[in-house]
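Each residue takes its place number in the sequence, starting with 1. Computed over heavy atoms, backbone and side chain alike; hydrogens, waters and symmetry mates excluded.
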Amino acid sequence: MLDRLFKLSDRETTVRTEIFAGLTTFIAMAYIVFVIPHMLTDAGVPQEASIAATILITAVSTLFMGVLVNYPVALAPGLGLAAFFSYYVCGSLHLHWTVALGAVFFSGIVFLILTCGGIMKAIIHAVPDTLKAAITVGIGLFIAFIGLKNAGVLQADPSTFVALGDVTQPAPVFAMFTLALTVILMVRGVQGAILISIGVTTLLSMALGYSPIPHGISDIISFDIPSVSGSFVQLDIAGAWDYGIISIIFTFTMVELFDNIGTLISLTRRANMVQEDGEIPGLNKALTMNAFATIGSAFVGTSTVTTYLESATGIEAGGRTGLTAVVTALGFLSLLLFAPLIALVPSYATASALILIGALMISSVKDIDFSDLTDGVPAFLTIIMMPLTYSIASGFAFGFISYVVLKVCTGRYKEVSWVMGVISLAFLVNLIMRA
């Protein structure tokens, strides 16, 4: 039955290999159940609901990706989009988290229309590779900046806007310890390095009296499953529509678009799923599934769902079919029993994960040609404006607008497609309206 459903023989794999691969992906990704809920809680989402919603949307969307699309990849709320949701939309703009969920819902609808209408390919081809790389780098810096802030390494300063925090305090010390331990484990090839480091830091923090200690088995594992009722169907669609947050919806959609396309192409290549003509079987179906997952995330109470690159660990372990994703999904479902323990993990233990993921994303800077100023300057503005304005949307706006202006004014207007022109004009109008 499994062979017929997942085409195990056709992809030259076995049930045992797929199970091992699924567990490998689960271990590599499990850290998100500690990181994402912390960010959602900062946005105002009830803690219990944020934990339950994160686990449920990850498990369900990954399960459907495995069964319906037969891809060995996992879906979960994206770190960059969760940061944008919590610290810009709900933080800087002071929108209620229910309104932000309304924006997530609209972004999912837009993503679905783009996927089904064939418009997605036009957008992907229209945006130059330089800006695509800059977007990845900028989001990486944004995530790392938030991680350093949450760890207390950075703090606000009235004179310099940002300054070094008191690094002698427990939070920065624990965060830097966790980061160092994670890097050491990763260099040594230890699976689940981020998860292990968060666990070690949490135990050390408890032992030294900086974090609450479990007083019984019920504080670690409980069959009283956490309720998602605090965030379930709480999205304020009318509020999002009335606010007119076009740039926010557009940013959610664009980041989801580039993130998913790039990640899926990379993962399917690793899994040897790309045909000789370059076509990837089921890619459009996978993107459609992601769009529905994003719509579902708005209803359960989390930020936008995306494909996780950590799925590569399972693929490297031999995962080739959706059975890998199914095993990963079951692993996440089991974490519902450990909700009490997840709630005890301190924020400084998870901050290091943001710093590290940000550092890994910055590696894309090598794909930017800074010798060509009409490419380099827009890329630089995209990168620098995201962390400095605390907004991925601002990075998009400055990067896209400057790219079109510089290309046109230097006589290289043929390098600018009409799609880029429309996108840049939309960002320009939005900047003017926000001024």
Q: When rounded to the nearest 0.5 angstrom, what distance separates CZ in Phe177 from CG in Leu179?
A: 11.0 Å
Q: Is the shortest side-chain heavy-atom distance between Val127 and Met420 below 4.5 Å?
A: yes
Q: Are the side chains of Leu354 and Met39 in touch, meaning some heavy atoms are under 4.5 Å apart?
A: yes
Q: With distance as the sole criterion, is a donor-acceptor pair present between the side chains of Thr321 and Glu18 under 3.5 Å?
A: yes
Q: Measure the spacing between OG1 of Thr253 and CG of Leu81 and express it to the nearest 0.5 Å.
A: 9.5 Å
Q: Please list all pairs passing the ring-ring contact (aromatic ring centres under 6.0 Å, His included) test where one or both residues lie in residues 12-43, with sequence neighbours left out.
A: Phe26-Phe332
Q: I'd like to know if the side chain of Asn150 and the backbone of Ser347 have a donor-acceptor N/O pair within less than 3.5 Å.
A: no
Q: Whether the side chain of Arg320 engages the backbone of Thr13 through a donor-acceptor N/O pair (distance < 3.5 Å, no angle test) should be reported.
A: no
Q: Is atom CZ of Phe398 surrounded by more than 12 heavy atoms (other residues, nucleotides or ligands) closer than 6.0 Å?
A: no
Q: Do Tyr71 side-chain atoms and Ala325 backbone N/O form a donor-acceptor pair below 3.5 Å?
A: no
Q: Compute whether any side-chain donor of one residue and acceptor of the other, for Asp42 and Ser86, lie under 3.5 angstrom apart.
A: no
Q: Indicate the ring-plane relationship of Trp241 and Phe106, choosing parallel, tilted or perpendicular according to the 30° and 60° boundaries.
A: tilted
Q: Output, in order, the C-alpha distance, side-chain angles, deciding distance and verdict of side-chain contact (heavy atoms from CB on, under 4.5 Å) for Leu309 and Leu360.
A: CA-CA 11 Å; Leu309 192 58; Leu360 295 174; over 6 Å; no
Q: Apply side-chain contact (heavy atoms from CB on, under 4.5 Å) to the pair Val326 and Phe6, showing each step before the final yes or no.
A: CA-CA 10 Å; Val326 171; Phe6 297 106; 3.9 Å; yes
Q: Going by heavy atoms in the side chains, are Leu40 and Phe85 under 4.5 Å from each other?
A: yes
Q: Kindly say whether Ser227 contributes a backbone atom to a donor-acceptor pair with the side chain of Glu48 at under 3.5 angstrom?
A: yes
Q: Could you walk me through whether Thr294 and Glu256 pass the side chain to side chain donor-acceptor pair (under 3.5 Å) test, one step at a time?
A: CA-CA 9 Å; Thr294 292; Glu256 184 182 9; 2.5 Å; yes
Q: Just one of Leu235, Val104, Thr306, Val60 clears the side-chain contact (heavy atoms from CB on, under 4.5 Å) bar with Ser297, so which one?
A: Val104
Q: Can a donor-acceptor pair be found, under 3.5 Å and without considering hydrogens, that links the side chain of Ser311 to the backbone of Val73?
A: no
Q: Tell me the closest heavy-atom pair linking Gly80 and Phe142, and the distance in Å.
A: O-CE2, 4.5 Å
Q: Mind jotting down which residue pairs meet the ring-ring contact (aromatic ring centres under 6.0 Å, His included) criterion with at least one end in residues 282-322? Sequence neighbours excluded, please.
A: Phe105-Phe299
Q: Can you find a pair of side-chain heavy atoms, one from Glu316 and one from Thr24, that are under 4.5 Å apart?
A: no
Q: So which atom in Ser424 and which in Ile401 form the shortest heavy-atom distance, rounded to 0.1 Å?
A: O-CG1, 3.6 Å
Q: Could you check if a side-chain atom of Tyr403 sits within less than 4.5 angstrom of a side-chain atom of Leu381, using non-hydrogen atoms only?
A: no
Q: Rounded at 0.5 Å granularity, tell me how far OG1 in Thr382 sits from CD1 in Ile139.
A: 10.5 Å
Q: Has the side chain of Thr324 got a donor or acceptor atom that lies under 3.5 Å from a matching backbone atom of Pro72?
A: no
Q: Hey, is the main chain of Tyr348 close enough, under 3.5 Å, to the side chain of Ser352 for a donor-acceptor pair?
A: no
Q: Just checking Phe370: does its CZ atom have more than 12 heavy atoms from other residues, nucleotides or ligands closer to it than 6.0 angstrom?
A: yes
Q: Please determine whether side-chain contact (heavy atoms from CB on, under 4.5 Å) holds for the pair Trp97 and Ser231, giving the CA-CA distance in whole Å, both sets of side-chain angles, and the decisive distance to 0.1 Å.
A: CA-CA 9 Å; Trp97 59 271; Ser231 61; 4.0 Å; yes
Q: Does any N or O in the side chain of Ser391 come within less than 3.5 Å of the main-chain N or O of Met386, such that one atom is a donor and the other an acceptor?
A: no
Q: Parallel, tilted or perpendicular: which describes the rings of Tyr390 and Phe145, with under 30° parallel and over 60° perpendicular?
A: perpendicular
Q: How long is the straight-line distance from CD1 of Ile392 back to CD1 of Ile135, given to the nearest 0.5 Å?
A: 10.0 Å
Q: Yes or no on side-chain contact (heavy atoms from CB on, under 4.5 Å) for Leu56 and Leu336, after CA distance, side-chain angles and deciding distance?
A: CA-CA 8 Å; Leu56 285 174; Leu336 286 171; 4.0 Å; yes
Q: Please report the interatomic distance CE(Met29) to CG(Leu195), rounded to the nearest 0.5 Å.
A: 12.0 Å
Q: Report the distance from atom CD1 of Ile423 to atom CZ of Phe396, rounding to the nearest 0.5 Å.
A: 9.5 Å
Q: Under 3.5 Å, side chain of Asp236 to main-chain N/O of Gly102, donor-acceptor pair present?
A: no
Q: Are the side chains of Ile194 and Ile357 in contact, using a 4.5 Å heavy-atom criterion?
A: yes
Q: Do Val15 and Leu8 touch side chain to side chain, with heavy atoms closer than 4.5 Å?
A: yes
Q: Just checking Lys366: does its NZ atom have more than 12 heavy atoms from other residues, nucleotides or ligands closer to it than 6.0 angstrom?
A: yes
Q: If you look at every heavy atom in Ile355 and Met176, which pair is closest and at what distance?
A: CD1-CE, 3.8 Å
Q: So, for Arg412 and Thr374, which heavy atoms are closest and what is the spacing to 0.1 Å?
A: NH1-OG1, 3.1 Å
Q: Name all residues meeting the salt bridge (Lys or Arg N to Asp or Glu O under 4.0 Å) criterion together with Asp129; count only those two or more places apart in sequence or in a different chain, and write none if there are none.
A: Lys132
Q: Kindly indicate whether the side chain of Thr58, heavy atoms from C-beta on, has any atom under 4.5 Å from the side chain of Pro77.
A: yes
Q: Write down the atom of Asp157, the atom of Ser159, and the distance for their closest heavy-atom approach.
A: OD1-N, 2.8 Å
Q: Restricting to non-hydrogen atoms, name the atom on Gly421 and the atom on Val416 that form the minimum distance, rounded to 0.1 Å.
A: N-CG1, 4.4 Å
Q: Taking atom types as modelled, is there a side-chain donor on Thr178 or Thr201 under 3.5 Å from an acceptor on the other?
A: yes
Q: Answer yes or no: is there a donor N or O on one side and an acceptor on the other, between the side chain of Thr410 and the main chain of Lys407, under 3.5 Å?
A: yes
Q: Counting heavy atoms not belonging to Tyr87, are there more than 12 under 6.0 Å from its OH?
A: yes
